[in-house]
Amino acid sequence: MQLSEQEIQRRKEREELMKLGIDPYPAALFEVNVSARDIKENYERRKTDYKSVSIAGRLMSRRIMGSASFAEIQDSTGRIQIYLRRDDLCPGDDKSLYNDIFKKRLDIGDIIGIQGYVFTTQMGEISIHVQELTLLSKSLHPLPIVKETEDEKGQKKTYDAFSDPEQRYRQRYLDLIVNPKVKETFKMRTQLINTLRDFFNSKGYLEVETPILQPIHGGAAARPFETHHNTLNMKLYLRIANELYLKRLIVGGFDGVYEFAKDFRNEGMSRFHNPEFTQVELYVAYKDYFWMMDFMEEAVEKVALSLHGDTKVKVGENTIEFQRPWKRFTMFEAIEHFTGIDISKMDEEQLKKVCKDLKVDIDDSMGKGKLIDEIFGEKCEPHLIQPTFIMDYPVEMSPLTKKHRSEEGLVERFEVICNGKEIMNAYSELNDPIDQRERFEEQLELAKRGDEEAMALDEDFLRALEYGMPPTSGVGIGIDRLAMIMTNSNSIQDVLFFPQMRPEKKPVVASESDYVEVGVRKELIPILQKLGFNSIKQLKEANVNKLFNDVCGMRKKLKLDIQNPTKEEVESWLE
RNA sequence: GAUCGCUUAGCUCAGCUGGUAGAGCAAUUGACUUUUAAUCAAUAGGUCCAGGGUUCGAAUCCCUGAGCGAUCACCA
C-alpha cells in the first residue's frame with residue numbers, strides 16, 4: 001500500500017518515540033478525574049476544586065509559540081484548551097519533553113493524558129495549565145481538520161467541514177471525532193429508545209427477545225433475506241417482523257410484551273430505507289386500537305418532552321407539535337379532505353376512474369384495497385406533517401388485523417403519519433383462527449400470482465390462535481424514522497451508526513512477491529507502484545524504453561539511494 | 001430501476017472560450033512566553049476517478065464505464 005507523506009512521517013515519529021524510551025501505546029491505565037464539560041460548567045463557581053486535574057483526550061489543534069503553546073484536547077464531553085510552557089513542563093535542564101516530544105513527535109489526532117491546574121487566560125478562556133504530559137496513543141492517520149469561528153453575534157462559521165457523506169458513513173469514527181453534532185444525534189436516538197422502554201416498563205409490560213432466524217418469515221409484507229443452517233440443513237430467513245412470535249407470547253399468558261427488534265428486508269435503499277432497521281413492536285392483551293391510539297400519543301409526547309423539553313420539535317422547515325390529542329381521520333375522511341371525493345361507497349371500477357382523474361398511477365393487478373392505498377399514498381400522506389392517525393384500512397391490505405366492528409370491508413387498523421411518512425402501524429389484532437386461516441390463504445393466492453411480498457402461512461401460529469388469544473392490540477413503531485424526526489435528520493443514514501453501503505472498491509494491488517517473481521529487485525518496487533504499475537499485467541504491457549526512463553527518473557525524484565536498473569534488466573521484467 | 005449533478009494535493013475547494021496544474025488548512029524547517037481559523041518566512045506535496053476518441057496540444061470537448069450524491073418510483 002502506498003502511504004502518504006504524512007503517514008510515513010507519523011510512522012517515523014512512532015519509531016523515534018520508541019527509541020527515546022517512550023511507549024506510544026502504554027499499557028497502564030491513566031487516571032482521569034474530570035471531564036472537559038465539568039471544567040467548563042463548574043470552574044467559575046468552584047475554582048479551588050480544579051487545582052489538580054487529570055484529563056485525557058485527543059489532541060485537536062495546536063498553536064505553538066516558541067517556548068509556550070496552546071492546544072485543544074477533546075474528550076467524550078467536548079473540547080478544552082490546554083496551555084503548555086516549556087519551563088513548567090520541563091523544570092530541569094532537560095527540555096526535550098517540550099522541544100522534541102510535544103513539538104515534533106506529537107500530532108493532531110494523538111491521544112494524550114495531562115495533569116495540571118485550571119486557569120483563565122487573558123483572552124478569558126478557561127484552560128488547563130499542563131504540568132505533566134503523557135502520550136497514550138499515537139495516531140498514524142492524519143485527521144480531517146475542521147475549524148470553527150464565532151463572530152460577535154454568536155454565528156458559527158465552519159471551515160473545511162468534513163461533510164462528504166460517503167466518508168462520513170464509511171468512517172463513522174471520524175465523523176464522530178470531528179463533527180460533534182453527530183454524537184448528539186446518536187445520544188438522542190438512545191434516549192428516545194430509553195424513554196419508550198421506561199414507559200413500557202412502567203406499565204408492567206415485559207421486554208422479550210424472539211428469534212431473528214425464522215423458518216417462516218411472517219408479520220409483514222416484504223421480501224426477506226435468506227440464509228442456511230448447516231446442521232439442520234434447512235433454509236432460514238432473517239426476520240422481517242416479530243409480530244407472530246409476540247402474539248404467541250400473548251397466547252402464553254403475558255399481558256404485555258414488547259421487543260426492540262432489528263428487522264431485515266431485502267428491498268431497495270433510500271433516505272428512508274436501510275436493509276436492516278429497528279422497530280419496537282408492542283402487544284397488549286384486552287385492548288383495542290382506540291386504546292392504543294391514546295397510549296401512543298402519550299408515548300411519543302413523552303419522547304419529545306424527554307429529548308427537547310417541549311412537545312414542539314423543529315424538523316426542516318416545519319415545527320411539529322406532538323402535544324396530545326393528535327388529529328384522527330379515517331382513511332376515507334382523509335381522502336375526502338385532500339381530494340374532495342367521497343370514495344367510501346365506491347366499487348372497483350369507480351375507484352379506477354377516480355385514480356385516472358387524480359392522475360394516480362395504477363395497474364390492472366390492483367384490487368380495491370390497493371387502489372385506495374395508492375390514492376392515499378399519493379394524495380394524502382405527503383401533506384400530513386403534524387402527527388395524524390389514519391384509521392380503518394381496507395381488509396385486503398391487512399391480513400393480520402381484526403375486521404372492523406361496524407364497517408363492512410374495513411379493518412381496525414391505524415397508522416400514524418408524521419412529516420409526510422408513516423412512523424407507526426397498529427391494529428386490533430385478529431384472534432379468530434378460522435378468519436386468520438382464510439386470510440393467509442388469500443395471501444397464498446397472491447403469492448401464486450407472483451406477489452413476492454405475500455405472507456406465508458404459518459401453521460404453528462394458527463395452532464396457537466386456536467388455543468385462544470385474548471383480544472389484543474399491537475403496534476410497531478419505526479424507531480429510525482421517529483429518530484429522524486426527533487433529531488431533525490434528513491436521511492436514515494444520519495440516525496444509523498453504520499448504514500449499509502456498497503463494498504468499498506479496492507484496486508487489486510500486486511503483492512511484493514508478485515514483483516519479485518518477474519525479476520524486479522525489492523527496492524525498485526515502490527518506484528513501480530509510484531509510477532502506477534499496481535498489477536503485473538499492467539507492467540507486462542508497458543513500453544520498455546518508456547518504463548526504463550520512468551523508473552530512473554522516479555528514482556531521482558524520490559531521491560532513493562539505490563542503483564538504477566539496466567535496460568536489459570527492465571526488458572527481463574516484461575518477458 | 002429512471003433522470004440530473006459531482007469526482008483536481010492528506011482535508012475543503014478554485015481552475016473562463018482547450019495552451020507548462022492553483023489557494024487556504026494540514027505537513028516539514030525556522031522566528032515568536034496567553035493565543036482564538038494565532039501570526040510571519042521558507043520548503044515539500046498531483047495517475048486532475050478509469051478507459052477510449054477529437055486535436056499540434058485535453059483537468060477542460062465527445063463517448064463508455066466506476067464510485068458518490070440529489071430527485072422520482074417500490075418497500076417501514
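Below, chain A is the first sequence line, B the second, and so on; all start at residue 1.
- The shortest distance between the side-chain N/O atoms of A:Arg63 and the OP1/OP2 oxygens of B:A38 is below 4.0 Å.
- Across all strands shown, nothing is found opposite B:G18 as a Watson-Crick or G-U wobble partner with both distances under 3.5 Å.
- Note that CD1 of A:Ile73 and CZ of A:Arg58 are 12.0 Å apart. Values are rounded to the nearest 0.5 Å.
- If you check the side chains of A:Glu13 and A:Gln9, you find a donor sitting under 3.5 Å from an acceptor.
- Taking atom C1' on both B:G15 and B:C6, the two are 16 Å apart, rounded to the nearest angstrom.
- Here B:U36 is the nucleotide among B:A76, B:U33, B:U36 with the atom lying nearest to any side-chain atom of A:Thr121.
- Taking atom P in both B:U54 and B:C63, one finds a spacing of 15 Å when rounded to whole Å.
- For A:Met269 and B:A73, the CE to P distance is 18 Å, given to the nearest whole Å.
- Relative to the side chain of A:Ser67, the nucleotides B:U33, B:C11, B:C75 differ in distance, and B:U33 lies closest.
- No more than 12 heavy atoms of other residues, nucleotides or ligands lie within 6.0 Å of CZ in A:Arg223, so this atom counts as exposed by the packing criterion.
- Looking at the side chain of A:Glu267, the nearest of the listed nucleotides B:U33, B:A76, B:G69 is B:A76.
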Task: nucleotides 25-30 of chain B: protein proximity per nucleotide (B base, S sugar-phosphate only, - neither; heavy atom, under 4.0 Å) - done: SBSS-S
- [ ] Kindly indicate, with the supporting measurements, whether the criterion salt bridge (Lys or Arg N to Asp or Glu O under 4.0 Å) is fulfilled by A:Lys95 and A:Asp100.
- [x] CA-CA 8 Å; A:Lys95 305 296 183 192; A:Asp100 300 335; over 6 Å; no
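- At whole-Å resolution of the value, CE in A:Met424 and P in B:A76 are 16 Å apart.
- If you check B:G1 for Watson-Crick or wobble pairing at under 3.5 angstrom, you find it paired to B:C72.
- A:Ile82 places its CD1 atom 14 Å from the C1' atom of B:U34, with the value rounded to the nearest Å.
- The number of heavy-atom neighbours closer than 6.0 Å to NZ of A:Lys356, taken from other residues, nucleotides and ligands shown, is 12 or below.
- Nucleotide B:U12 forms a Watson-Crick or G-U wobble pair with B:A23, both donor-acceptor distances falling under 3.5 Å.
- Rounded to whole Å, the distance from CD on A:Glu374 to P on B:C72 is 16 Å.
- Within 4.0 Å of A:Phe119, counting heavy atoms only, lies at least one base atom of the nucleic acid.
- Between B:C61 and B:C16, the distance separating the two P atoms is 9 Å to the nearest Å.
- B:U12 and B:U7: their P atoms are spaced 12 Å apart (whole Å).
- Taking only side-chain atoms of A:Gln167, from C-beta outward, the nucleotide of B:G69, B:U71, B:C11 with the closest atom is B:C11.
- Heavy atoms from other residues, nucleotides or ligands lying under 6.0 Å from NZ of A:Lys47 number more than 12.
- Among the heavy atoms of the strands, none lies under 4.0 Å from A:Lys262.
- Both distances falling under 3.5 Å, in either a Watson-Crick or a G-U wobble arrangement, place B:G65 opposite B:C49.
- With rounding to whole Å, A:Glu7 atom CD is found 10 Å from B:C11 atom P.
- The partner of B:C40, taking Watson-Crick or G-U wobble pairs whose two distances both stay under 3.5 Å, is B:G30.
- Within 4.0 Å (heavy atoms only), A:Asn266 reaches no atom of the nucleic acid at all.
- Side-chain contact of A:Arg413 with A:Thr401: a donor-acceptor pair under 3.5 Å is absent, judged by distance alone.
- Computed from coordinates, the A:Leu496 CG to B:A76 C1' distance equals 12 Å when rounded to whole Å.
- Nearest-nucleotide mapping onto RNA chain B: of A:Asp373 and A:Ser127, the residue sitting toward the 5' end is A:Ser127.
- Base pairing annotation: B:A59 forms no Watson-Crick or G-U wobble pair, as no partner gives both donor-acceptor distances under 3.5 Å.
- At a threshold of 4.0 angstrom between heavy atoms, the contacts of A:Ile64 include nucleobase atoms, whether or not backbone atoms are also involved.
- Of the P atoms belonging to B:G1 and B:A38, the separation is 46 Å, rounded to the nearest Å.
- Atom P of nucleotide B:U12 and atom CZ of A:Arg168 are separated by 12 Å, given to the nearest angstrom.
- Comparing the P positions of B:C11 and B:U47 gives an interatomic distance of 12 Å, to the nearest angstrom.
- Taking A:Phe497 as the reference, A:Phe186 meet the ring-ring contact (aromatic ring centres under 6.0 Å, His included) condition, with sequence neighbours excluded.
- Looking at A:Asp392 and A:Tyr289, their side chains do bring a donor and an acceptor atom within 3.5 Å of each other.
- A distance cut-off of 5.5 Å between ring centres, combined with a plane angle under 30°, leaves A:Phe70 outside any stacking arrangement with the base of B:A38.
- Residue A:Arg271 is classed as a sugar-phosphate contact, given heavy-atom separations below 4.0 Å to backbone atoms only.
- With both ends at atom P, the span from B:A50 to B:A58 equals 15 Å, rounded to whole Å.
- Along RNA chain B, the nucleotide closest to A:Pro144 and the one closest to A:Ala68 are compared, and the more 5′ of them pairs with A:Pro144.
- Looking only at atom types and distance, the side chain of A:Gln81 has no donor-acceptor partner in the side chain of A:Tyr83 under 3.5 Å away.
- The same atom, C1', is picked in B:U71 and in B:A9; the two are 33 Å apart, to the nearest Å.
- At whole-Å resolution of the value, CE in A:Met123 and P in B:U34 are 12 Å apart.
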